[in-house]
Amino acid sequence: MVTKQFKGLPEDADVTRADSLAREIFSDVANKWALLIIECLGESTLRFGELRDGVQGISHKMLTQNLRMLERNGLVARKVYAIVPPRVEYSLTAPGLALRVTIDGLCAWTHTYLGDIEDSRRRFDV
């Protein structure tokens, strides 16, 4: 997918436009794996295997794809050590840490209203 480059000031970006770069970024970071990876990384630095273990159910392929996307968007930093075998570590950048504050809020909201959502689903499914 080719990203349309926004020309102008960031405050001029219309997030409701279909071709908005902001909408593409929302789509990238608002998937379950990206949210869970960011939450798992927190303020620590982790290797690929540690991330895979921390995000239960994610496949090797999905973790790789999401880490690349998060790195491309400047939310995750990837550090490669020139040793054998290769060692690669991942950590959140400043924008990634700022986004994590929002994700922490979403996690807190989920914990607070999980029972309400379960009750609503039961009523709806009847």
Side-chain angles (χ1 to χ4, degrees):
M1 179 172 150
V2 176
T3 302
K4 294 184 179 185
Q5 295 300 316
F6 178 73
K7 293 181 177 26
L9 300 173
E11 56 267 18
D12 294 332
D14 182 356
V15 298
T16 62
R17 272 193 4 236
D19 64 346
S20 172
L21 178 58
R23 187 181 280 192
E24 183 180 330
I25 294 167
F26 289 163
S27 177
D28 283 351
V29 299
N31 78 69
K32 70 177 176 182
W33 296 124
L35 294 173
L36 293 170
I37 290 166
I38 292 168
E39 185 63 20
C40 183
L41 274 171
E43 295 184 23
S44 59
T45 298
L46 299 174
R47 296 180 69 179
F48 187 91
E50 294 170 318
L51 271 170
R52 190 181 58 236
D53 293 343
V55 181
Q56 293 181 7
I58 194 167
S59 68
H60 183 95
K61 178 182 175 182
M62 287 307 298
L63 180 55
T64 299
Q65 288 176 349
N66 277 273
L67 283 169
R68 286 180 182 166
M69 174 271 300
L70 291 167
E71 183 181 10
R72 179 175 184 255
N73 284 317
L75 303 174
V76 167
R78 179 177 182 259
K79 184 171 183 179
V80 180
Y81 294 89
I83 59 173
V84 176
R87 179 178 172 173
V88 181
E89 294 179 338
Y90 299 90
S91 59
L92 294 178
T93 61
L97 287 166
L99 178 58
R100 185 168 174 262
V101 172
T102 300
I103 293 169
D104 286 347
L106 182 60
C107 290
W109 174 87
T110 302
H111 287 129
T112 301
Y113 293 104
L114 187 61
D116 295 314
I117 293 167
E118 288 177 331
D119 292 343
S120 181
R121 286 181 173 187
R122 270 193 292 278
R123 287 191 307 274
F124 184 86
D125 292 343
V126 168

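- For the atom pair Arg52 CZ and Ser59 OG, the distance stands at 10.0 Å (nearest 0.5 Å).
- In terms of hydrophobic clustering, with Ile, Leu, Val, Met, Phe, Trp and Tyr side chains grouped at heavy-atom distances under 4.5 Å, Val76 and Val101 are assigned to different clusters.
- Residues Val29 and Trp109 share a hydrophobic cluster, clusters being chains of Ile/Leu/Val/Met/Phe/Trp/Tyr side chains in contact below 4.5 Å.
- Annotation: side chain of Leu36 is in contact with side chain of Trp33 (closest heavy-atom distance under 4.5 Å).
- In this structure, the separation between CD1 on Ile58 and CG on Leu67 is 7.5 Å, given to the nearest 0.5 Å.
- When every heavy atom of Gly74 is checked against every heavy atom of Pro95, the shortest pair comes out as O-CG, 4.0 Å.
- Counting only distance, with no hydrogens or angles, the side chain of Asn31 and the backbone of Asp28 share a donor-acceptor pair below 3.5 Å.
- With a 4.5 Å cut-off on side-chain heavy atoms, Tyr90 and Ile37 do not count as touching.
- Counting only residues at least two apart or in different chains, salt bridge (charged side-chain N to carboxylate O under 4.0 Å, His left out) contacts with residues 102-116 comprise Arg100-Asp104.
- Tyr113 and Ile103 end up in the same hydrophobic cluster when Ile, Leu, Val, Met, Phe, Trp and Tyr side chains are linked at under 4.5 Å.
- Taking both residues in full, the closest heavy atoms of Gly54 and Cys40 are given as CA-SG, 3.8 Å, listed atom of the first, atom of the second, then distance.
- With values rounded to the nearest 0.5 angstrom, Leu106 atom CG is found 4.5 Å from Thr110 atom OG1.
- Every residue two or more places apart in sequence or in another chain that forms a side chain to side chain contact (heavy atoms under 4.5 Å, CB included) with Tyr81 is listed here: Lys79, Ile83, Arg87, Glu89.
- Without hydrogens or angle criteria, Thr93 side chain to Leu75 main chain gives a donor-acceptor distance under 3.5 Å.
- Hydrophobic cluster membership is shared by Leu35 and Ile117, with clusters built from Ile, Leu, Val, Met, Phe, Trp and Tyr side chains linked at under 4.5 angstrom.
- Counting only distance, with no hydrogens or angles, the side chain of Thr112 and the backbone of Ala108 share a donor-acceptor pair below 3.5 Å.
- Taken from CD in Glu118 to CZ in Arg123, the straight-line distance is 11.5 Å, to the nearest 0.5 Å.
- Contact check for Leu63 versus Val55: no side-chain heavy atoms found under the 4.5 Å cut-off.
- Rounding to the nearest 0.5 angstrom, the gap separating the CD1 atom in Ile38 from the CG atom in Leu92 is 6.5 Å.
- A single hydrophobic cluster is not seen to contain both Leu21 and Leu70; linkage of ILVMFWY side chains at heavy-atom distances under 4.5 Å, directly or through other members, places them apart.
- Across every non-hydrogen atom of Arg47 and Pro86, the tightest pair is NH2-O, 4.1 Å.
- Residues Val126 and Arg122 fail the side-chain proximity criterion, which asks for heavy atoms closer than 4.5 Å.
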